[in-house]
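To start, the structure under review is shown below, and the notes come after it.
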Amino acid sequence: MNNSVDSDTDIVSIQNLSFSRGDRKIFNDISLTIPRGKITAIMGPSGTGKTTLLKLIGGQLYPDQGSVIVDKKNVHQLKRSDLYTLRKRMGMLFQSGALLTDLNVFDNVALPLKEHTTLSDSMIRSLVLLKLHAVGLRGARDLMPNELSGGMARRVALARAIALDPTMIMYDEPFTGQDPISLGTLVKLIKELNNALGLTSIIVSHDVEETSSIADYIYILSEGKIVGQGTPEQIKTLDSEWVQQFMKGDADGPVHFHYPAENYHKDLFEI
Amino acid sequence: MTQFFEHLGNKTLSSFAKLGRSSFFLIQILTATVSVIPRPRLLINQLFSVGVLSFLIITISGLFVGMVLGLQGFYILSDFGAEETLGVMVAASLVRELGPVVAALLFAGRAGSALTAEIGLMKATEQLSGMEMMAIDPIKRIIAPRFLAGFMSMPLLAALFSSIGVLGGHMVGVGMLGVDDGSYWSQMQAGLDFYDDIVNGVIKSIVFGFAVSWISLFEGYDAIPTSEGVSRATTRTVVNSAFTILGLDFILTALMFGDI
């Protein structure tokens with residue numbers, strides 16, 4: 001396992017990370033690395049803190065222990081202004097899109113450019129149209145976020161996330177709740193953007209098929225631990241009942257169908 | 001019994017923690033207000049939705065409060081044959097107390113609750129966190145313009161409330177009950193002091209505007225990002241604003257007019 005901190009090939013390196021919410025340990029001493037220029041997927045059942053992991057990488061949450069190194073900088077020791085500088089180079093696609101509801105599509109994509117650059121209005125316009133064209137929504141520039149379908153909103157958010165040409169982009173459940181066509185479009189876009197722009201992509205997801213079709217490397221999280229990792233082919237042949245149940249989507253297995261409860265017979269007949 | 005003390009302790013701790021968070025939030029807002037200057041557009045938009053959209057409720061309420069004051073004042077004053085002083089009574093009540101207080105209460109209900117719900121929903125839909133990830137400080141871009149807009153609108157709305165109220169009192173007193181038009185205005189002119197009455201009233205409304213904007217923005221920003229959390233935060237905004245306005249009003253009145 002490659003865990004060296006200063007490796008030039010790794011853009012993100014997480015060392016011995018622990019994080020808890022209240023009494024619940026969400027991560028218990030996990031370490032992982034994300035190689036530059038690749039698509040890395042982090043998978044696991046709902047509620048295992050996959051989104052939390054992205055927020056830890058983005059410096060929105062602070063770990064109890066351990067460190068997160070992004071581009072050779074320890075995210076949680078940076079000054080606020082340095083953290084913001086670092087964030088300009090990371091894009092994040094939220095599950096809900098997180099578009100600003102009081103701005104139209106064009107202004108949403110233009111926002112990071114207006115805030116962080118001194119480009120002229122005509123230059124910003126060209127850039128925004130380029131980004132919108134890349135996600136196929138140049139014609140939707142005047143729509144408001146509430147007029148967009150879920151898939152379109154996510155594509156606009158993607159255009160916004162790449163507006164500042166980041167080196168890394170984090171996708172939070174990009175495939176959840178999408179119809180087959182939007183799903184196909186998103187899978188294609190993520191793959192294409194990663195290759196065309198030389199990005200590093202981190203996908204957090206529990207959609208096994210779509211994610212394994214584009215990921216170069218997969219980490220599987222459960223109960224605060226990494227329970228499996230490898231290329232999609234390696235994962236499929238991994239010798240772990242739990243991972244196999246997750247990848248195949250079986251209803252019963254190491255993860256039981258029933259939530260822990262009293263004996264069924266006893267529960268029904270003893271009042 | 002131990003449970004009771006445990007509960008009491010937890011409540012106390014969490015309210016102190018909240019007080020701390022809100023003070024820190026206020027400091028953040030105040031330092032962020034400078035960044036609104038290069039973006040006047042944001043402030044103008046908020047002045048419209050916070051201030052201009054409150055015009056109607058303030059105008060109508062001001063008119064009715066003024067009319068009631070005219071009516072009640074006339075009945076009491078006419079017992080003493082002093083109905084000529086109706087003008088000063090209506091104006092003093094409005095400018096000193098009712099204008100700032102009632103306008104602030106209405107403002108908390110109309111604009112404050114809307115601010116809380118808006119910010120709370122922005123939090124729930126990850127818009128705030130999305131901005132942070134784009135390296136845009138939501139305090140600077142979202143909160144500070146709204147705070148300034150509330151702070152600036154409140155004195156103007158209170159002044160509007162008082163002026164319309166004076167006209168309402170005139171409508172009833174002079175128009176319907178036959179108080180002399182000249183004495184309504186001249187008694188008002190003679191009886192009201194610019195510093196004691198008007199400036200103090202304006203100071204009150206500035207303080208209330210500050211408090212209501214702070215409370216409503218903080219409740220939204222601190223809301224639990226679920227539909228239930230946002231609804232509770234909105235209720236808290238209205239309740240806490242009302243308490244704060246009335247409490248502050250007593251303190252300010254005592255400082256300004258009393259010898260306490």
Side-chain angles (χ1 to χ4, degrees), chain A residues 51-52 54-61 70 75 78 80-103 107-118 145-146 150 153-154 156-164 166 168-173, chain B residues 10 13-14 17 24-25 27-28 31-32 34-50 53 111 114-146 149 220-221 224-227 230:
Chain A
T51 308
T52 312
L54 292 188
K55 290 195 168 171
L56 282 161
I57 296 175
Q60 288 195 308
L61 295 172
V70 177
V75 174
L78 288 178
R80 193 179 162 78
S81 54
D82 293 334
L83 179 62
Y84 271 35
T85 316
L86 183 64
R87 278 184 187 164
K88 286 179 205 165
R89 286 187 281 135
M90 327 181 185
M92 178 151 172
L93 185 75
F94 284 82
Q95 195 174 349
S96 57
L99 297 174
L100 296 186
T101 39
D102 55 345
L103 299 179
D107 289 330
N108 259 296
V109 180
L111 181 69
L113 294 164
K114 282 185 184 159
E115 291 283 327
H116 296 311
T117 67
T118 49
N146 58 12
R154 234 167 265 189
V156 174
L158 185 54
R160 188 178 68 176
I162 57 171
L164 288 172
M168 177 176 107
I169 183 157
M170 301 189 272
Y171 299 91
D172 185 3
E173 299 285 2
Chain B
N10 274 333
L13 279 181
S14 71
F24 183 63
F25 181 71
I27 295 168
Q28 281 183 304
T31 47
V34 192
S35 60
V36 179
I37 300 165
R39 305 180 183 88
R41 194 77 233 158
L42 291 177
L43 179 62
I44 293 168
N45 287 342
Q46 289 312 314
L47 278 172
F48 179 79
S49 63
V50 169
L53 293 182
L115 283 177
T116 305
E118 188 188 15
I119 305 290
L121 284 173
M122 279 184 151
K123 191 177 176 187
T125 53
E126 294 180 313
Q127 293 184 46
L128 296 183
S129 158
M131 294 184 95
E132 274 178 25
M133 283 306 296
M134 284 191 283
I136 299 170
D137 189 349
I139 303 266
K140 283 184 186 156
R141 194 162 192 296
I142 302 285
I143 308 287
R146 284 167 175 74
Y221 198 74
I224 299 164
T226 58
S227 32
V230 173

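So you know, we letter chains A, B, ... as the sequences are listed, proteins then strands, and number each from 1.
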query: Any salt bridge between B:R39 and A:E115, counting N to O under 4.0 Å?
result: yes
Checklist entry - Do you see a donor-acceptor pair shorter than 3.5 Å between the side chains of A:T101 and B:Q127? => result yes
If one checks every heavy atom of A:M90 against chain B at 4.5 Å, the contacting part turns out to be both
Honestly, the part of A:L99 sitting under 4.5 Å from a heavy atom of chain B is backbone
Worksheet item: Heavy atoms, side chains only, cut-off 4.5 Å: are B:E118 and B:I142 in contact?
Response: no
For atom CG of A:L103, decide whether the heavy atoms of other residues, nucleotides or ligands shown that lie under 6.0 angstrom number more than 12.
yes
Applying a strict 4.5 Å limit to non-hydrogen atoms, the region of B:D137 in contact with chain A is both
